[in-house]
Structure formats: structure tokens, C-alpha cells
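Numbers here are sequence positions counted from 1.
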Amino acid sequence: MVANILSIAGSDPSGGAGVQADLKTIGACGGYGMAALTALTAQNTQGVQGVSLVEPAFVAHQIRAVFEDVRVDAVKIGMIATASIAHAVAETLGDLRAANVVLDPVMVATSGDRLLSDDAVAAVRDRLAPLARVITPNTDEAGVLLGEPRPTDRAGMADAGRRLLALGVEAVLLKGGHLTDDAASPDVLVTAQGVTWLDAPRAPGRVVHGGGCSFASALATGLGKGLSPEEAAVEAKAFITAAIEGADLLTVGSGSRPLDHFTAHRM
């Protein structure tokens, strides 16, 4: 049976991030992708030029319409943008008893553009995180969620992951791509049972666009297929590593490179 995965996120018209990247990822990982939009953006590989928000009630309407007709095996939450949208999503998913929720607390784009308003941070932390089975912050986002400077080494990442479990989640997948002094690209999965490191060679000089969106969507697809968080994280790491390596095949834009989500299918 093919797993049905719902992405709740913003749109990227250039196709590298947001729901466009989520749908590519879900399909490449063997799932059936669906999307509820929280925002429209005007952006390309060089950055975000404008954002138009979807009304919170209509975000909720999209989600309910999907659940009323389709079995939803997992949910990935990406760009939320405002506290009111966060509250609407949290109330709706809570009412629907959504399972296998993966929260990617999108706060800052790869380009450095701020994507989450200040008043939304508390809503994401206090309303959305408790609904999630797994959260997937990077080190910057972990610092914001904890209200402290970001972790800067592996020991700090593991410690931050343990403390983020207090948000009520089963697992924290903390992404370490911002640890530029580490020869590898380290991510760590932290659960109550322990710590699992997921390493891959760092790609020198490669700045990729949409990596966080795609990683979370791959993880959600794994959970939707019935994998444990540990199994889903290992599969998602392998997928994202191959997609980053395959980005060299693409000639899209002049800024941060999008991933090649279908690199395995081109071989």
C-alpha cells in the first residue's frame, strides 16, 4: 500500500523548496504527496522577494478537505509564518488526531531571509511541537526553540536534542549542516532510548536550496510507510545525501542549488 503524505507548507515557484520540494521528495521516496498551502512566495534560487499569506481559516479548510476524503498516513509541517496560522494548524490536526506528524520549524531560509515572525515561535514551540512525533530543527532553530545560543559542536547538539524532547516529541532529528568546522555533515537523532549519529561526507562549496524541507518530507514518508523514527531517519539521510550529490546535474538558477530529488531514478 502506498503511503499518503500531507505537506503543510509554503510554495516556492522556483521548485527548490516548500511544497514543490516536498511533493518531489514524497514521490521519489515512494509515497503519494498532497499539500495544504500556508503561503505563496515570490522567490528563486537567489532569495525570497515577497510573501503572501493564506488566511488561517482557509489553511484549516484545506487540511480538513484532505482528511475528509483521503487516508493520511503522515503529515509534514514546514513554513508556518504566523502565530495565527500555527494555532489554526494545531487546532485542526489535534481535532483530526493526525498521526506521524513531522515538524520542520522553518524560521530562516538558506539565503538568510527570515520566514517565521517572532510571535510565531512560541506558537510553533507550544502548540505544534506537542502534536509532532519528530521535529527536525537545524542548529540555529534549536537555539531559538530553547531560547539560547545555537549548539556549535556535536556534544552541544546531542545535549540540545535531549532537552528538546521536553517539548513532548518522540524524537528530535537535529541537523548539523551549519557546523562548518566539522569535516562531515553530522545529523543526530535523539530519543529517550539514546542518540544515533547520521554522518555523510560534507560537499565542499555546495550551498543547497530546500534541503531541510526535503529531509523532513523524506522522514515523514518513512514514518507513513510504517518505519520507526530511527529507520526513517537513516533512509531520509541516504536520500538527502544522494540528492545533494546529484545537484551537479541540474542547471537551475544562479544562486543556491536545488537538490536533484530524482537522482536515483536517473541512474
Exercise. Do Val70 and Leu23 belong together in a cluster built from hydrophobic side chains that touch within less than 4.5 Å?
Worked result: no
For this session: Look only at the side chain of Ser256 and the backbone of His209, and say whether a donor-acceptor pair between them is shorter than 3.5 Å.
Result: no
For this session: Determine whether Leu164 and Val172 make a side-chain contact, defined as any pair of heavy atoms from C-beta on separated by less than 4.5 Å.
Result: yes
Exercise. Is the shortest heavy-atom distance from the side chain of Leu145 to the side chain of Arg125 under 4.5 Å?
Worked result: yes
Exercise. Once you round to the nearest 0.5 Å, how far does CE of Met157 lie from OG1 of Thr139?
Worked result: 7.0 Å
Exercise. Donor-acceptor pair, Glu235 side chain versus Ala232 backbone, under 3.5 Å?
Worked result: no
Problem set entry | ILVMFWY cluster, Val102 and Ile240 together (side-chain gap under 4.5 Å) | yes
Exercise. Looking at Asn100, Ile5, Val66, which hits side chain to side chain contact (heavy atoms under 4.5 Å, CB included) with Val72?
Worked result: Val66
For this session: Determine the minimum heavy-atom distance between Ala171 and Leu189, stating which atoms define it.
Result: CB-CD1, 4.0 Å
For this session: Taking the side chain as every heavy atom from C-beta outward, state whether Lys76 and Leu219 have any pair of such atoms under 4.5 Å apart.
Result: no
Exercise. Distance from Leu198 atom CG to Phe215 atom CZ, nearest 0.5 Å?
Worked result: 6.0 Å
Exercise. Are side-chain N/O atoms of Thr191 and Glu170 paired as donor and acceptor at under 3.5 Å?
Worked result: no
For this session: Keeping the roles fixed (side chain from Gln62, backbone from Leu37), state whether a donor-acceptor pair exists under 3.5 Å.
Result: yes
Exercise. Is a salt bridge present between Arg71 and Asp73, judged by a nitrogen-to-oxygen distance below 4.0 Å?
Worked result: yes
For this session: Might you work through the side chain to side chain contact (heavy atoms under 4.5 Å, CB included) test for Val234 and Glu230, ending with a clear yes or no?
Result: CA-CA 6 Å; Val234 169; Glu230 292 82 0; 5.8 Å; no
Exercise. Do any N or O atoms from the side chain of Thr221 and from the backbone of Gly31 form a donor-acceptor pair under 3.5 angstrom?
Worked result: no
Problem set entry | Distance in Å, Arg150 CZ paired with Leu174 CG, rounded so as to fall on 0.5 Å steps | 10.5 Å
Exercise. What is the distance from atom CG of Asn44 to atom OG of Ser14, rounded to the nearest 0.5 Å?
Worked result: 6.0 Å
Exercise. Ion pair present between Glu231 and Lys225, side-chain N to carboxylate O less than 4.0 angstrom?
Worked result: no
Exercise. Is a side-chain N or O of Asp12 found less than 3.5 angstrom from the main chain of Ala17, in a donor-acceptor match?
Worked result: yes
For this session: Look at the side-chain heavy atoms of Ile, Leu, Val, Met, Phe, Trp and Tyr, link any pair under 4.5 Å apart, and say whether Val134 and Leu227 land in one connected group.
Result: no
Exercise. Does the Lys24 side chain pair with the main chain of Gly16, one donor and one acceptor, at a distance under 3.5 Å?
Worked result: no
Seminar exercise, completed: For Asp22 and Ser214, the nearest pair of non-hydrogen atoms, with its separation, is OD1-N, 4.4 Å
Problem set entry | Within-4.5 Å side-chain heavy-atom neighbours: Leu6 and Asn4 | no
Problem set entry | Nearest-0.5 Å distance, CD1 of residue Ile85 to CD1 of residue Ile77 | 12.5 Å
For this session: Using modelled atom types only, decide if a donor and an acceptor are shared between the side chain of Asp187 and the backbone of Gly176 within a distance under 3.5 Å.
Result: yes
Problem set entry | Contact summary for Met79 and Gly10, nearest pair of heavy atoms | CB-N, 3.8 Å
Problem set entry | Carboxylate-amine/guanidinium proximity below 4.0 Å for Asp104 and Lys175 | yes
For this session: Heavy atoms only: give me the nearest Cys29-Ala218 pair and the separation to one decimal.
Result: SG-CB, 3.9 Å
For this session: Provide the closest heavy-atom pair for Leu53 versus Ala81 in the form atom of the first, atom of the second, distance.
Result: CD2-CB, 3.6 Å
For this session: Please tell me if the side chains of His87 and Pro56 come closer than 4.5 Å, counting only heavy atoms from C-beta onward.
Result: no
For this session: Give a yes or no answer on whether the side chain of Ser52 reaches the backbone of Leu40 with a donor-acceptor pair at less than 3.5 Å.
Result: no
Seminar exercise, completed: The reported gap from OG1 in Thr196 to NZ in Lys237 (rounded to nearest 0.5 angstrom) is 13.0 Å
Exercise. Given Glu245 and Thr263, is the side chain to side chain donor-acceptor pair (under 3.5 Å) satisfied, shown in steps?
Worked result: CA-CA 8 Å; Glu245 292 173 349; Thr263 187; over 6 Å; no
Seminar exercise, completed: Nearest heavy-atom contact between Leu103 and Ala132 is CB-CB, 4.0 Å
For this session: Following the transitive rule for hydrophobic clusters with a side-chain heavy-atom cut-off under 4.5 Å over Ile, Leu, Val, Met, Phe, Trp and Tyr, establish whether Leu259 and Leu250 coincide in one cluster.
Result: no
For this session: Kindly determine whether Ser7 and Met34 satisfy side chain to side chain contact (heavy atoms under 4.5 Å, CB included), including the steps that lead there.
Result: CA-CA 6 Å; Ser7 165; Met34 305 169 287; over 6 Å; no
For this session: Please assess Phe239 against Thr25 for the test side chain to side chain contact (heavy atoms under 4.5 Å, CB included), listing each intermediate value before the final yes or no.
Result: CA-CA 9 Å; Phe239 169 81; Thr25 299; 3.6 Å; yes
For this session: Can you establish whether the number of heavy atoms outside Glu55 located under 6.0 Å from its atom CD is more than 12?
Result: no
Problem set entry | Listed partners of Thr92 passing side-chain contact (heavy atoms from CB on, under 4.5 Å), at least two apart | Ala60, Ile63, Arg64, Leu96
Exercise. Among the clusters formed by ILVMFWY side chains lying less than 4.5 Å apart, do Val75 and Ile135 turn up in the same one?
Worked result: yes
